[in-house]
Amino acid sequence: QTHTHRIAAAANPPIDVRAGYKSVHITSASLEEFPVEYLLTPGNLRNKQAYQLVVLSPSSRDAMSDAGQTAYRKKVIEFDTVAKKYGGRVALILNQGMVPPGADANTDMNDRLERMTISVGNEIGVLVIPVGLAFREAYRQRPGIQLQTKYDGYHATLAGQYLSAAVVFNSLYGRTTEGNPYDYFGDLDQDTKVFVQRIADQTVREFYARK
């Protein structure tokens, strides 16, 4: 979310959304372990207003078993029900799978994540954000790019974080990131930034069949 609101602030014209963003992460936890009612109740987490949109990202391993997929579906519906109570909705991140040396790198994790996320998104009629598809396209076009860390093949590098944020921004606001000057204060090289911006725009446009 940090990169997303900074991309928004650097856009032309800019979008000032930082004050309305809140990120909650529980290390090594599945979505089913998040306390929905507490997180979404106005007044908690120092946020007086209800959230307009609650963006949910699964543990990628949720997709690897029937039990995990069932738990994911149940929790997404619970989040959506509570969000609606306060006037909001949810959106779903279609997550990226693992690459080597990740334990599930040579499995059908990507396909499982895609089927699981799109199925639940279609069932309850909410936005699906195709982050994982952008990762796959980036790897296809530039096999040597490092979007995920070498130590576990899962967590995103700065380039991967930027790509994810660009896909989120494009999906939520319907605006491209191509040409956006934000580069994490010079830490992301220009060539990589331009490439992932293009991949994000291409992926989102094709996923939603935008013209």
Review point. Quick one: ring-ring contact (aromatic ring centres under 6.0 Å, His included) partners of Tyr162, sequence neighbours excluded?
Key: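 Once residues adjacent in sequence are excluded, the partners of Tyr162 under the ring-ring contact (aromatic ring centres under 6.0 Å, His included) criterion are Tyr182.
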**Study point:** Sequence-distant partners of Phe79, ring-ring contact (aromatic ring centres under 6.0 Å, His included), two or more places apart
**Key:** none
Point to revise | Partner set under side-chain contact (heavy atoms from CB on, under 4.5 Å) for Ala63, not counting sequence neighbours | key: Arg112, Leu113, Met116
Review point. For Ala134, what residues pass the side-chain contact (heavy atoms from CB on, under 4.5 Å) criterion, not counting sequence neighbours?
Key: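 Partners of Ala134 by the side-chain contact (heavy atoms from CB on, under 4.5 Å) criterion, ordered by chain and then number, come out as Leu163, Val167, Ile199, Thr203.
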Point to revise | Within residues 5-49 or reaching into it, pairs that qualify as ring-ring contact (aromatic ring centres under 6.0 Å, His included) - sequence neighbours excluded | key: none
What distance separates [X] [atom1] from [Y] [atom2], expressed to the nearest 0.5 Å?
| X | Y | atom1 | atom2 | value |
| --- | --- | --- | --- | --- |
| Ser65 | Tyr72 | OG | OH | 14.0 Å |
| Met98 | Asn110 | CE | CG | 11.0 Å |
| Ile15 | Ile7 | CD1 | CD1 | 11.0 Å |
| Arg46 | Lys48 | CZ | NZ | 12.0 Å |
| Thr117 | Gln69 | OG1 | CD | 9.0 Å |
| Ile26 | Leu31 | CD1 | CG | 9.0 Å |

Give the minimum heavy-atom separation between [X] and [Y], together with the two atoms involved.
| X | Y | answer |
| --- | --- | --- |
| Phe135 | Leu147 | CE2-CB, 3.7 Å |
| Ala29 | Ser59 | O-CB, 4.2 Å |
| Pro101 | Gly153 | CD-N, 3.8 Å |
| Asp108 | Met64 | OD1-CE, 4.2 Å |

Should we count [atom1] of [X] as having more than 12 external heavy atoms under 6.0 Å?
| X | atom1 | answer |
| --- | --- | --- |
| Gln49 | CD | no |
| Gln52 | CD | no |
| Lys22 | NZ | yes |

Kindly list each side-chain donor-acceptor pair under 3.5 angstrom involving residues 184-194, sequence neighbours excluded, with atom names and distances?
from: Asp189; atom 1: OD1; to: Thr192; atom 2: OG1; distance (Å): 2.8
from: Asp189; atom 1: OD2; to: Asp191; atom 2: N; distance (Å): 3.3
from: Asp189; atom 1: OD2; to: Thr192; atom 2: N; distance (Å): 2.9
from: Asp189; atom 1: OD2; to: Thr192; atom 2: OG1; distance (Å): 3.0
from: Asp191; atom 1: OD2; to: Arg142; atom 2: NH1; distance (Å): 2.9
from: Lys193; atom 1: NZ; to: Asn180; atom 2: O; distance (Å): 3.0

Exercise for review: Could you give me the CA-CA distance, side-chain angles and deciding distance for Lys75 and Val36, then say whether side chain to side chain contact (heavy atoms under 4.5 Å, CB included) is met?
Suggested key: CA-CA 9 Å; Lys75 199 66 176 186; Val36 180; 3.4 Å; yes
Sub-3.5 Å donor-acceptor pair from the side chain of [X] to the main-chain atoms of [Y], do we have one?
| X | Y | result |
| --- | --- | --- |
| Ser30 | Glu32 | no |
| Gln197 | Thr177 | yes |
| Gln148 | Gly102 | no |

Practice item. Kindly determine whether Phe169 and Thr176 satisfy side chain to side chain contact (heavy atoms under 4.5 Å, CB included), including the steps that lead there. Key: CA-CA 8 Å; Phe169 174 83; Thr176 181; over 6 Å; no
Exercise for review: Check side-chain hydrogen bond (donor to acceptor under 3.5 Å, both in side chains) between Thr149 and all other residues, then give those that pass, not counting sequence neighbours.
Suggested key: Asp152
**Study point:** Partner set under side-chain hydrogen bond (donor to acceptor under 3.5 Å, both in side chains) for Thr81, not counting sequence neighbours
**Key:**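 Partners of Thr81 under the side-chain hydrogen bond (donor to acceptor under 3.5 Å, both in side chains) test: none.
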Point to revise | Ile93 vs Leu56, side chain to side chain contact (heavy atoms under 4.5 Å, CB included): CA-CA, chis, key distance, verdict | key: CA-CA 6 Å; Ile93 296 283; Leu56 304 175; over 6 Å; no
Close side-chain approach of [X] and [Y], heavy atoms under 4.5 Å:
| X | Y | answer |
| --- | --- | --- |
| Asn170 | Asp201 | yes |
| Thr2 | Arg6 | yes |
| Val99 | Tyr154 | no |
| Pro42 | Tyr51 | no |

Extract all donor-acceptor atom pairs below 3.5 Å that involve side chains of residues 120-129 and protein atoms in other chains or at least two apart in sequence.
from: Asn122; atom 1: ND2; to: Ile118; atom 2: O; distance (Å): 3.4
from: Glu123; atom 1: OE1; to: Arg73; atom 2: NE; distance (Å): 2.9
from: Glu123; atom 1: OE2; to: Arg73; atom 2: NE; distance (Å): 3.1
from: Glu123; atom 1: OE2; to: Arg73; atom 2: NH2; distance (Å): 2.5

Review point. Can you pull the side chain to side chain donor-acceptor pair (under 3.5 Å) pairs that have at least one residue in residues 84-100, sequence neighbours excluded?
Key: Glu37-Lys85, Glu37-Tyr86, Thr41-Tyr86, Ser57-Asn95, Asp80-Lys84, Asp80-Arg89
Exercise for review: Give every residue pair that meets the side chain to side chain donor-acceptor pair (under 3.5 Å) criterion with at least one member in residues 128-137, sequence neighbours excluded.
Suggested key: Glu114-Arg136, Glu137-Arg140, Glu137-Gln141, Glu137-Gln202
**Study point:** Verdict with reasoning, Leu39 to Leu45, per side chain to side chain contact (heavy atoms under 4.5 Å, CB included)
**Key:** CA-CA 7 Å; Leu39 293 176; Leu45 303 181; 3.8 Å; yes
**Study point:** Selection residues 59-68 - residue pairs positive for salt bridge (Lys or Arg N to Asp or Glu O under 4.0 Å), sequence neighbours left out
**Key:** Arg61-Asp104
